[in-house]
Structures are given as C-alpha cells and as structure tokens.
Amino acid sequence: EFRRVLFRSVDFAHDLVFVAAVGTRSEAGDSVEVRGVLPVANGTQVSLWERRPGNFCTPAPRSHAPYHIVVAPRDTPQPIFFSVAGVDQIPCG
C-alpha cells in the first residue's frame with residue numbers, strides 16, 4: 001500500500017527506499033514525484049512524474065535539485081524498473 005508520510009524512521013531490515021531525482025534545475029517550478037510502485041509480471045515498476053514550467057513562462061531563476069523519497073516494503077518484487085510516466089507543463093498564470 002502506498003501512503004504519504006511526512007516523516008518516519010526507516011527500518012532497512014523491512015523497508016526499501018526509492019529516491020526519484022531529476023538533477024539540477026535552473027528555474028523555479030520544477031519538481032518530481034513517485035506516483036506508483038506497482039508489481040508487474042517480472043518485478044516492480046516505479047513510475048515517476050515530472051512537473052516543469054509551461055512554454056514561454058519566465059519563472060524566477062533558482063538552482064535546485066528536485067527529489068522525492070518513498071518507502072516501500074522490503075519484499076517488493078525484484079528487479080525494480082524506473083520510468084518517467086509523464087511530464088506536466090505548469091501553466092504560467
């Protein structure tokens with residue numbers, strides 16, 4: 001079960017930690033989110049979703065490195081595959 005938890009301790013004997021990161025971005029408004037950790041026929045699919053400022057936006061310049069951390073059960077089927085499921089363009093106004 002996927003749950004949103006702000007803070008909790010991680011027990012690495014029972015938990016896996018997934019980190020979604022998209023590298024350094026140079027303008028405000030970029031983010032990344034894990035939207036699914038789903039068992040598939042040959043392992044587990046981790047789906048990422050990225051948000052970026054829309055075309056012709058002029059967001060404030062800001063260097064940052066968006067990331068999202070998710071904890072899942074240790075018995076998550078292996079191997080684990082990551083994919084970018086989609087990209088949202090954030091409207092300018």
Side-chain angles (χ1 to χ4, degrees):
E1 175 182 311
F2 180 74
R3 294 175 298 152
R4 212 172 268 271
V5 178
L6 294 179
F7 297 99
R8 82 170 182 85
S9 61
V10 175
D11 178 354
F12 287 100
H14 299 101
D15 297 327
L16 279 177
V17 176
F18 298 112
V19 178
V22 292
T24 303
R25 301 293 194 225
S26 60
E27 54 189 20
D30 292 283
S31 66
V32 65
E33 179 182 4
V34 174
R35 287 205 181 163
V37 179
L38 306 169
V40 293
N42 58 342
T44 298
Q45 182 70 48
V46 179
S47 299
L48 311 178
W49 207 272
E50 204 174 336
R51 286 185 204 100
R52 297 182 191 153
N55 293 334
F56 309 110
C57 290
T58 54
R62 185 185 90 172
S63 182
H64 65 289
Y67 66 92
H68 187 204
I69 300 172
V70 175
V71 177
R74 183 88 174 137
D75 60 356
T76 298
Q78 307 283 324
I80 296 169
F81 306 95
F82 288 84
S83 66
V84 176
V87 176
D88 285 334
Q89 294 286 333
I90 301 168
C92 296

Got a second to check how far [X]'s [atom1] is from [Y]'s [atom2], nearest 0.5 Å?
X: S26; Y: R62; atom1: OG; atom2: CZ; answer: 11.0 Å
X: E33; Y: E50; atom1: CD; atom2: CD; answer: 12.0 Å
X: H68; Y: R35; atom1: NE2; atom2: CZ; answer: 10.5 Å

Using a 4.5 Å cut-off on heavy atoms from C-beta on, say whether the side chain of D15 contacts that of R74.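 Of all side-chain heavy-atom pairs linking D15 with R74, none is under 4.5 Å.
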Nearest heavy atoms of [X] and [Y], plus distance in Å:
X: L48; Y: A20; value: CD2-CB, 3.5 Å
X: R25; Y: P66; value: CG-CD, 3.8 Å
X: D30; Y: P53; value: OD1-CD, 3.6 Å

Cluster overlap V40 with V37, hydrophobic side-chain contacts below 4.5 Å: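 Cluster IDs for V40 and V37 differ.
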Just list the side-chain donor-acceptor pairs under 3.5 Å for residues 77-91, sequence neighbours left out, or say none.
from, atom 1, to, atom 2, distance (Å)
Q78, NE2, T76, O, 3.4
S83, OG, Q45, NE2, 2.8
D88, OD1, W49, NE1, 3.0
D88, OD2, W49, NE1, 2.9

Could you give me the CA-CA distance, side-chain angles and deciding distance for V10 and V17, then say whether side chain to side chain contact (heavy atoms under 4.5 Å, CB included) is met? CA-CA 8 Å; V10 175; V17 176; 3.7 Å; yes
